[in-house]
Amino acid sequence: MAFKDLKFPDGFHWGTASSSHQSEGGNHNDWTEWEKIPGNIKDGSDTSVACDHYNRYEGDFSLAKEFGHQVLRFSIEWSRIEPQQGRWNDSEIAHYRSVVKTVLDRGIRPMMTLHHFTNPLWFRDLGAWLNPESPEIFGRYAKKVAESFADLDIIWNTINEPMVVAAMGYLYGDFPPQEKDFGKSQTVTQNMLMAHGYAATQIREIHDKQGRLQPQIAPVLSVSYFMPHNPENPDDVNLAAYLDEIYNHTWIRGAVTAKIPDLEGNNHRFKPLENSVDFIGMNYYSRMVVSSEMDFLAGEVPEKDPDLPRCDGLDWEVYPEGYYPIIKSYWDSYKKPLFMSENGIGTKDDTLKRAYILKHLQQVHQAIQDGIDIRGYLVWTWVTNFEWAEGFGSDFGLVGMEPETLNRIPRESAYMFKDIIQNNGLTKELQEKYLR
Ligand code: IFM
């Protein structure tokens with residue numbers, strides 16, 4: 001195959017994404033409690049230290065600067081900021097202000113997520129996202145954060161991957177609180193949608209009140225490319241379409257149209273969702289092949305394609321061809337600017353990691369060529385970190401970490417990504433070097 005230079009638009013944003021719990025160490029939340037229960041984390045690890053990013057963020061951000069980052073996406077830890085309901089920890093707020101300022105001081109744009117999977121223990125004890133008051137409770141937290149951060153130039157992400165919280169925590173039982181109940185997963189989906197609306201409303205109101213320019217606000221969605229096992233079988237085709245709708249579209253359509261879909265399939269208007277989405281964050285990793293002869297809701301899927309490389313632990317197939325169609329379906333459906341807020345692979349094989357990134361970027365480039373408004377691309381992740389129920393067994397980092405010293409060691413993929421950022425795209429030479 002002959003490669004061509006793939007130039008991205010001027011002003012395209014490049015960087016990496018991470019989350020507080022996966023990298024900071026020393027948290028006290030529902031996940032830290034859950035990690036202690038033997039068997040919950042595949043390799044038996046926990047986040048007591050993680051990457052010690054809580055203490056090493058300055059060095060991590062300096063390294064990111066050295067490697068050309070223009071955006072750093074990270075989350076702040078609700079359990080640190082509000083350790084008891086309604087009681088705010090000012091020194092943790094000061095800590096995160098320093099985190100944001102450190103990013104800004106390096107000339108990098110901070111993209112800050114309010115909720116990335118973890119909950120304070122008191123919120124868990126109130127029933128977390130099953131509690132009908134959870135949206136307002138989250139809104140109050142968002143208000144406090146907005147009051148404390150509105151003077152800083154931040155791109156705001158409200159909630160990361162609500163459908164993963166609903167599916168992994170309440171349908172498949174792989175994440176806390178380990179429920180396996182379709183009805184509950186639906187309730188969680190709805191409550192997180194309302195919570196996003198309250199959070200966005202608070203962020204807007206506080207910026208207005210303080211006389212600040214309105215920031216960009218986005219929810220971040222996990223998306224997958226659903227494919228029928230047998231494209232000739234209408235039942236498989238219908239199942240793939242149904243899952244695409246409930247996993248990829250129902251929630252974000254609700255946010256964009258300001259309507260909450262209820263369990264009976266009706267919609268009702270929810271004012272706080274109005275004007276809550278400036279752009280959509282999309283996290284894509286793999287496809288999902290489904291068969292009507294299997295019980296998908298019980299976790300049954302056809303055998304994986306032996307010819308496709310896979311992500312360690314999570315076993316996701318590498319399927320860059322699924323990226324373009326899901327991007328296009330978001331663009332066609334919502335006509336909102338898109339931001340590729342996570343993409344990457346958990347593997348020790350850096351050759352595979354480099355090829356993964358390049359092949360996915362070729363798809364993103366094609367989407368832009370076809371007129372889709374994509375504002376940026378972030379690799380998951382910068383320093384390798386705790387991959388939830390996999391523990392440290394699935395290594396997504398462009399930068400490795402020595403287990404004993406926690407020293408950061410940039411991999412060749414980090415240098416490759418630096419080259420991409422410097423050239424604002426994929427040169428012919430780079431593709432020849434890593435894709436031949
Ligand atoms: O590590 C996670 C991240 O927290 C959310 N998106 C998917 C990543 C890889 O599984």
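What you see is a predicted model; the values in this text were computed from it and never measured. When a ligand or atom number is given, it counts from 1 through the structure's own listing order.
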For residues 153-166, which residue pairs qualify under salt bridge (charged side-chain N to carboxylate O under 4.0 Å, His left out), counting only residues two or more places apart or in two chains?
-> R109-D153

Dump all N/O pairs between ligand 1 and the protein below 3.5 Å as a table: atom names plus distance, one pair per row.
residue  : atom   : partner : partner atom : Å
ligand 1 : 1 (O)  : Q22     : NE2          : 2.9
ligand 1 : 1 (O)  : W380    : NE1          : 3.2
ligand 1 : 1 (O)  : E387    : OE1          : 2.6
ligand 1 : 4 (O)  : Q22     : OE1          : 2.7
ligand 1 : 4 (O)  : H116    : NE2          : 2.7
ligand 1 : 4 (O)  : W388    : NE1          : 2.8
ligand 1 : 6 (N)  : E161    : OE1          : 3.3
ligand 1 : 6 (N)  : E161    : OE2          : 2.7
ligand 1 : 6 (N)  : E342    : OE1          : 2.5
ligand 1 : 10 (O) : E387    : OE2          : 2.7

Report yes if the side chains of M340 and H360 come closer than 4.5 Å at any heavy-atom pair, otherwise no.
-> no

Can you find a pair of side-chain heavy atoms, one from V164 and one from F175, that are under 4.5 Å apart?
-> yes

Report yes if some heavy atom in the side chain of R87 is under 4.5 Å from a heavy atom in the side chain of W122; otherwise report no.
-> no

Any idea how H53 and Y57 line up, ring-wise: parallel (<30°), tilted (30 to 60°), or perpendicular (>60°)?
-> perpendicular

Between F296 and V301, is any pair of side-chain heavy atoms under 4.5 Å apart?
-> yes

